[in-house]
Amino acid sequence: MKAIIIKILKKEPFKTISKTVDDLSVDSYLVGGYVRDFLLNKDEKKDIDIMVIGSAMELAKTLKKNLKGSKKIQFYKNFGTAMLEWQDFVIEIITARKESYNYDSRKPNVKIGTLKDDQNRRDFTINSLAIGISKKNFGELIDPFNGINDLKNKIIRTPLNPDKTYSDDPLRMFRAIRFSSQLNFDIESESFESIKKNINRVKIVSKERIVGELNKIILSKKPSIGFLNLEKSGLLELILPEINNLKGIEEFEGRTHKENFFHTLEVLDNISKVSEDLWLRWAALLHDVGKPLSKKFNSKTGWTFHGHEFIGSKMVYQIFKRLKLPLNNKMKYVQKLVLLSSRPIVISEDFITDSAVRRLIFDSGDLLEDLITLCEADITTKNPILFKNYHENFKIVRDKIKAIEEKDNLRNFQPPISGEEIMKTFNIGPSKEIGIIKEKLKEAIINGEIENEYESTFKLMKKLGETLGLKFNEK
Ligand code: ATP
Ligand code: MG
């Protein structure tokens, strides 16, 4: 092991960092996620955490001189932290510290500390490992909490008392669950019990930090691991009650409906196999969120969720707003996918008509591919025959879309005739007739009654105007 570690430390930027700390005669360590992921044989990380028993400022300044081509240096207001960019590495340098907490804040009181103090204040044993980079203990792994063992056994455990660890900084509860999801690790049971006890401490964590962890869970390979832990701990109910409300099956007159919580997690896992896009994954998470509010029982048809897509798309806005997620085009994208999330399914179940496909292309525009991908991820039936059939139907939908698009040039549809031209043609100002004509032209194109091109649209416009009593302007 030591030989492999030394091999890494002989490479840049570690080589220069080591030389610099020796020149300054300070004791220094490679710590944090880089060490963890390196020991897990993951792809090399580009963010490097360096801890120094001494001044982080001084080390950062000298390192900037020694590391040729380093881009910029940034000093943080908070105690002894500096950041330096070199090539595509981000090097964070911190002074070893000892931390203590007040009950009403997750921002610690910080004092200069020893290596041991600094390892004690870290969140998990797997994040407390330190590798010596100065002469004194070059290449040595310092692992006071047996983090190596936890890495081997895939366990998340706090170095000190979990109750104190989570209560001091409740963000660590989300970090524990995030790491469980990213690494596919179990949270040690004592730790998990402690999270359950401390969930109300989430009050002192900012929305931005929670969302930061939530997004990392959503971006992990199998996000359901994280969401199941969020649910089991009680945190889900506090931060995303809308998803928590999807749990359960109701029965009435002997009839039940689909369990929507586990279904949603399956859809999220499915989409994560085919897309790395955070917002498409959010859409998968939220695609059925309107179901509890739209649920009705009808003796003839059983359980229905009519309009859940519309309700759901309204909820997307509320959720984004509450969590301080961006209320920009990302939110609109998720909203639109939720709103349209059943449309391709309806098409695929029916005889697939050209006009239904045209309408879908027209309504979804640039989102069409993502929408179909979402619908395919939505197939969670355990019946293998149905599973195969549904997927085949979507293949037909995809082929049909391609054929119609090639023929009709419909994506991001702009009618071949504008409102202005209608006004000119009939010599009228803005009026409701223009809206009526435009809508009818669009419908005629979608229904395949006319081609999506100028001549035939113009002809129909003329006819429509005349039936509305408008006078054709010969010019
Ligand atoms: P990643 O970069 O993949 O998110 P990481 O472990 O490097 O993982 P960072 O947030 O970059 O996580 O933090 C670096 C290190 O700082 C962690 O490994 C951990 O030792 C420590 N740390 C970060 N946040 C906390 C916290 N809230 N409480 C205690 N220690 C923390
Ligand atoms: Mg990191």
Side-chain angles (χ1 to χ4, degrees), residues 13 28-52 56 74 76 78-85 88-101 105-110 113 115-131 141-145 147-148 150-151 156-185 187 191 194-195 198 201-202 204-206 208-221 226 278:
S28 184
Y29 300 86
L30 174 60
V31 292
Y34 192 96
V35 179
R36 181 195 64 231
D37 286 5
F38 165 73
L39 294 170
L40 284 171
N41 283 321
K42 299 228 171 238
D43 291 344
E44 189 192 28
K45 253 183 138 59
K46 294 295 175 188
D47 50 324
I48 297 173
D49 293 296
I50 301 290
M51 180 233 296
V52 57
Q74 214 172 310
Y76 295 102
N78 56 342
F79 182 88
T81 309
M83 196 260 280
L84 186 70
E85 285 180 37
D88 51 352
F89 288 95
V90 177
I91 306 167
E92 193 126 18
I93 302 170
I94 47 166
T95 297
R97 64 189 54 186
K98 191 180 164 93
E99 293 180 340
S100 61
Y101 287 82
S105 166
R106 57 168 294 270
K107 297 254 157 30
N109 310 307
V110 177
L115 165 67
K116 189 163 190 313
D117 291 329
D118 197 278
Q119 286 183 299
N120 282 342
R121 62 128 188 137
R122 297 202 173 248
D123 48 5
F124 307 112
T125 60
I126 58 168
N127 288 346
S128 312
L129 294 145
I131 291 176
L141 185 71
I142 296 131
D143 179 17
F145 309 109
I148 281 278
D150 289 343
L151 278 178
I156 290 165
R157 189 163 59 91
T158 60
L160 305 179
N161 178 328
D163 278 341
K164 182 154 171 43
T165 305
Y166 292 121
S167 172
D168 275 353
D169 177 3
L171 179 69
R172 294 168 181 158
M173 304 190 285
F174 290 100
R175 285 177 60 90
I177 292 174
R178 182 258 283 198
F179 285 119
S180 79
S181 201
Q182 282 181 325
L183 304 171
N184 192 8
F185 274 31
I187 299 171
S191 215
S194 175
I195 294 178
N198 281 291
R201 296 285 290 143
V202 65
I204 65 165
V205 187
S206 73
E208 287 84 352
R209 296 307 297 265
I210 295 174
V211 163
E213 297 302 323
L214 203 53
N215 283 343
K216 286 182 180 168
I217 293 173
I218 294 175
L219 282 174
S220 58
K221 194 167 163 213
L278 175 65

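Predicted model only: the values in this text are computed from it and were never measured. Order of listing sets the numbers, starting from 1, for every ligand and every atom in it.
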Among protein heavy atoms, which lies nearest [atom], and at what distance?
atom                    : result
atom 4 (O) of ligand 1  : R178 NH1, 2.9 Å
atom 28 (N) of ligand 1 : R172 NE, 2.7 Å
atom 3 (O) of ligand 1  : K45 NZ, 2.8 Å
atom 8 (O) of ligand 1  : R36 NH2, 3.3 Å
atom 30 (N) of ligand 1 : D123 N, 3.2 Å

So, do I91 and M83 sit near enough that their side-chain heavy atoms are less than 4.5 Å apart? no
For [X], the ligand 1 atoms whose distance to one of its heavy atoms is below 4.0 Å:
X    : value
K216 : 4 (O)
F179 : 6 (O), 8 (O)
G33  : 5 (P), 6 (O), 7 (O), 18 (O)
D47  : 2 (O)
R121 : 29 (C), 30 (N)

Can a non-hydrogen atom of F124 be found less than 4.0 Å from any atom of ligand 1? no
With a cutoff of 4.0 Å, is E92 in contact with ligand 1, counting heavy atoms of the residue only? no
Would you compute the distance between atom [atom1] of [X] and atom [atom2] of [Y] and round it to the nearest 0.5 angstrom?
X    : Y    : atom1 : atom2 : value
K216 : F179 : NZ    : CZ    : 7.0 Å
D168 : I204 : CG    : CD1   : 8.5 Å
F124 : S180 : CZ    : OG    : 9.5 Å
Y101 : R121 : OH    : CZ    : 7.5 Å
I50  : I93  : CD1   : CD1   : 7.0 Å

Out of E44, E92, K45, which residue meets the side chain to side chain donor-acceptor pair (under 3.5 Å) rule with Y34? E44
If you take all heavy atoms of Q119 and F145, which pair is closest and at what distance? O-CE1, 3.6 Å
For ligand 1, note which part of [X] has a heavy atom under 4.0 Å away: side chain, backbone, both or neither.
X    : value
Q182 : neither
Y166 : neither
D49  : side chain
D169 : side chain

May I ask you to check whether [X] and [Y] show a side-chain donor-acceptor distance below 3.5 Å?
X    : Y    : answer
R36  : N127 : yes
R157 : T125 : no
S191 : Y166 : yes

Looking only at non-hydrogen atoms, the one of K46, R122, R175 nearest atom 23 (C) of ligand 1 is R175
Under 6.0 Å from the six-membered ring centre of F89 and within 45° of its axis: does the NZ or CZ of K46 meet both? yes
Please report whether ligand 1 has a polar contact with S128, defined as an N or O pair separated by less than 3.5 Å (distance criterion only). no
Polar-atom distance check: D37 versus ligand 1, any N or O pair below 3.5 Å? no
Can you tell me if, anywhere in D47, an N/O/S atom lies at a distance from the Mg ion (ligand 2) that is smaller than 2.8 Å? yes
